[in-house]
There are 2 protein chains.
Amino acid sequence: MVRRVGDVFKALADSTRRTILDELTDRNGQTLFEICARLCTKHGLGSSRQAISQHLDVLESAGLVETRREGRYKFHYINTGPLRPIVERWLDRPEDAGGRTGGGADPAETERKEGPT
Amino acid sequence: MVRRVGDVFKALADSTRRTILDELTDRNGQTLFEICARLCTKHGLGSSRQAISQHLDVLESAGLVETRREGRYKFHYINTGPLRPIVERWLDRPEDAGGRTGGGADPAETERKEGPT
DNA sequence: ACCATAGGCAAGCAGCTACTTGCATGTCAA
DNA sequence: TTGACATGCAAGTAGCTGCTTGCCTATGGT
């Protein structure tokens, strides 16, 4: 699966998905039903199970969530790896630049695979 | 204008807007026409002036771009302020949490105004 | 005044996206 | 095996979003 930088931003663009990441940060390795229950209880979200499942698919495609199957349960783990570089792209640069002649286009936006597993 | 955290993510979800931020990082304080020209020349984007203008509106609503009017020119400046906290939300937390009982819902997702100007 | 330039506003359209609905698959307990 | 549980898959729909199109305002030069 080819993962682009844009996938991470797209995944983070939804408030429910961000709440899911909050939930996994609070308690890592939850199942789908656990997430549904806690999203409803703690955050007052009324999303259905399928909706949450699709959100988890998006998060997994973006590399922000990894899963582990165990019997009939599927545990979801947050992976903050893709989060680090995406914002430093603009952060660790001087803000007072006034007229620098930049080089060519950088490949920051191009697709970027990840290693297996 | 009420600015929510989600606005920043939504603003970053579009690849053209990210390229605009790249462009402003490279040369801060550009006008709309400058951005159009450089987006077309350096990045090969064929977006119209109105499209870019709308993107700039979104970025400004998210607080990522600030503007200064001068005669008939309007200069755009990048503001990386909103970028810092949005990812640290999940980053500076332990990843090995297994069963912590979290507190109530945090207000990270709620609307968050900014000071004037 | 006249015109060119820089930008703004608003309606309309196409594609995407989050959500629902319904059913299917796979696993565990009795 | 039978039933309950946890999850997966797919089609359909409503709302959002990025873009275009067309016209308007405002500033500056001549």
Side-chain angles (χ1 to χ4, degrees), chain A residues 1 3-4 6-21 23-24 27 29-41 43-62 64-77 109, chain B residues 1 3-21 23-24 27 29-40 43-62 64-77 109:
Chain A
M1 174 180 303
R3 246 169 242 159
R4 299 186 304 108
D7 294 338
V8 181
F9 289 105
K10 288 272 180 68
L12 291 175
D14 187 87
S15 125
T16 302
R17 285 196 285 268
R18 290 194 297 273
T19 308
I20 290 176
L21 289 184
E23 209 28 70
L24 288 180
R27 181 204 290 249
Q30 295 188 60
T31 67
L32 173 60
F33 268 43
E34 271 186 282
I35 296 174
C36 286
R38 297 180 59 140
L39 244 53
C40 180
T41 303
H43 303 273
L45 300 182
S47 303
S48 69
R49 176 184 62 87
Q50 284 82 354
I52 305 295
S53 177
Q54 287 169 5
H55 282 309
L56 286 171
D57 286 343
V58 174
L59 288 170
E60 190 173 6
S61 293
L64 290 168
V65 159
E66 293 176 349
T67 60
R68 185 171 54 88
R69 191 96 209 200
E70 193 159 336
R72 59 176 162 176
Y73 300 105
K74 187 181 183 184
F75 301 100
H76 299 80
Y77 301 89
E109 196 62 48
Chain B
M1 173 179 303
R3 244 168 243 158
R4 298 187 305 107
V5 182
D7 294 338
V8 182
F9 290 104
K10 287 272 180 69
L12 292 175
D14 188 85
S15 122
T16 302
R17 286 197 284 268
R18 291 194 296 272
T19 308
I20 290 177
L21 290 184
E23 207 31 68
L24 288 180
R27 181 204 289 248
Q30 296 189 58
T31 67
L32 173 59
F33 270 45
E34 273 185 280
I35 297 174
C36 287
R38 297 180 58 140
L39 245 54
C40 180
H43 303 273
L45 300 182
S47 303
S48 70
R49 176 184 63 86
Q50 284 83 352
I52 305 295
S53 176
Q54 288 168 3
H55 281 310
L56 286 171
D57 287 342
V58 174
L59 288 171
E60 190 173 5
S61 294
L64 291 168
V65 159
E66 292 176 350
T67 60
R68 186 169 55 88
R69 191 98 208 198
E70 194 159 333
R72 59 175 160 176
Y73 299 104
K74 188 180 182 184
F75 301 101
H76 299 80
Y77 301 89
E109 196 61 49

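As a basis for the values below, the full set of heavy atoms in this structure was taken, side chains included, without hydrogen atoms, waters or symmetry mates. Chain letters run A, B, ... following the sequence lines, proteins first and then strands; every chain starts at 1.
In this structure A:Gln30 satisfies the side chain to side chain donor-acceptor pair (under 3.5 Å) test together with A:Glu23, sequence neighbours excluded. Listed by chain and residue number, nothing satisfies the side chain to side chain donor-acceptor pair (under 3.5 Å) test with A:His76 (two or more places apart in sequence, or in another chain). Every residue two or more places apart in sequence or in another chain that forms a side chain to side chain contact (heavy atoms under 4.5 Å, CB included) with B:Gln50 is listed here: B:Ser48.
The distance from atom CD of B:Glu70 to atom C1' of D:dT27 is 13 Å, rounded to the nearest whole Å. Atom P of nucleotide C:dA6 and atom CD1 of B:Ile35 are separated by 14 Å, given to the nearest angstrom. The distance from atom CG of A:Leu56 to atom P of C:dA18 is 13 Å, rounded to the nearest whole Å. As a whole-Å value, the separation of A:Asp7 CG from C:dC16 C1' is 14 Å. Counting to the nearest Å, the C1' atom of C:dT17 and the CG atom of A:Leu59 are 14 Å from each other. In this structure, B:Leu32 places its CG atom 17 Å from P of D:dT27, rounding to the nearest Å. Rounded to an integer number of Å, the gap from B:Glu34 CD to C:dT5 C1' is 14 Å. Counting to the nearest Å, the C1' atom of D:dC24 and the CZ atom of B:Arg72 are 17 Å from each other.
One axis for each end of the helix from C:dA1-D:dT30 to C:dA30-D:dT1, each built from five base pairs, and the angle between them comes to 30° at 10° resolution.
Nearest heavy-atom pair across A:Arg49 and A:Cys36 is CA-SG, 3.7 Å. Across all non-hydrogen atoms, the minimal contact from A:Leu64 to A:Ala11 is CD1-CB, 4.1 Å. Contact record, B:Asp7 with B:Ala62: O-CB, 3.6 Å, taken as the closest heavy-atom pair. Shown here for A:Ser47 and A:Thr16, the closest heavy-atom pair between the two residues is OG-CG2, 4.4 Å.
Residue contacts shown for A:Tyr73 are limited to sugar-phosphate atoms, with no base heavy atom under 4.0 Å away.
Here B:Ser53 reaches the OP1 or OP2 of C:dG8: one of its side-chain N or O atoms lies under 4.0 Å away. For D:dG8, the OP1/OP2 oxygens have a side-chain nitrogen or oxygen of A:Lys74 closer than 4.0 Å.
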Scan nucleotides 16-23 of chain D nucleotide by nucleotide, 5' to 3', and note B when protein non-hydrogen atoms come under 4.0 Å of the base, S if they reach only the sugar-phosphate, - if neither.
-SSBBBB-
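To the nearest 0.5 Å, the span separating CZ on B:Phe75 from CD1 on B:Ile35 amounts to 11.0 Å.
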Exercise answer: donor-acceptor pairs, residues 67-74 of chain A side-chain atoms, under 3.5 Å, sequence neighbours excluded:
| unit_1 | atom_1 | unit_2 | atom_2 | d |
| --- | --- | --- | --- | --- |
| A:Thr67 | OG1 | A:Glu60 | OE2 | 3.0 |
| A:Arg68 | NE | A:Tyr77 | OH | 3.2 |
| A:Arg68 | NH1 | A:Glu70 | OE1 | 2.5 |
| A:Arg68 | NH2 | A:Tyr77 | OH | 2.4 |

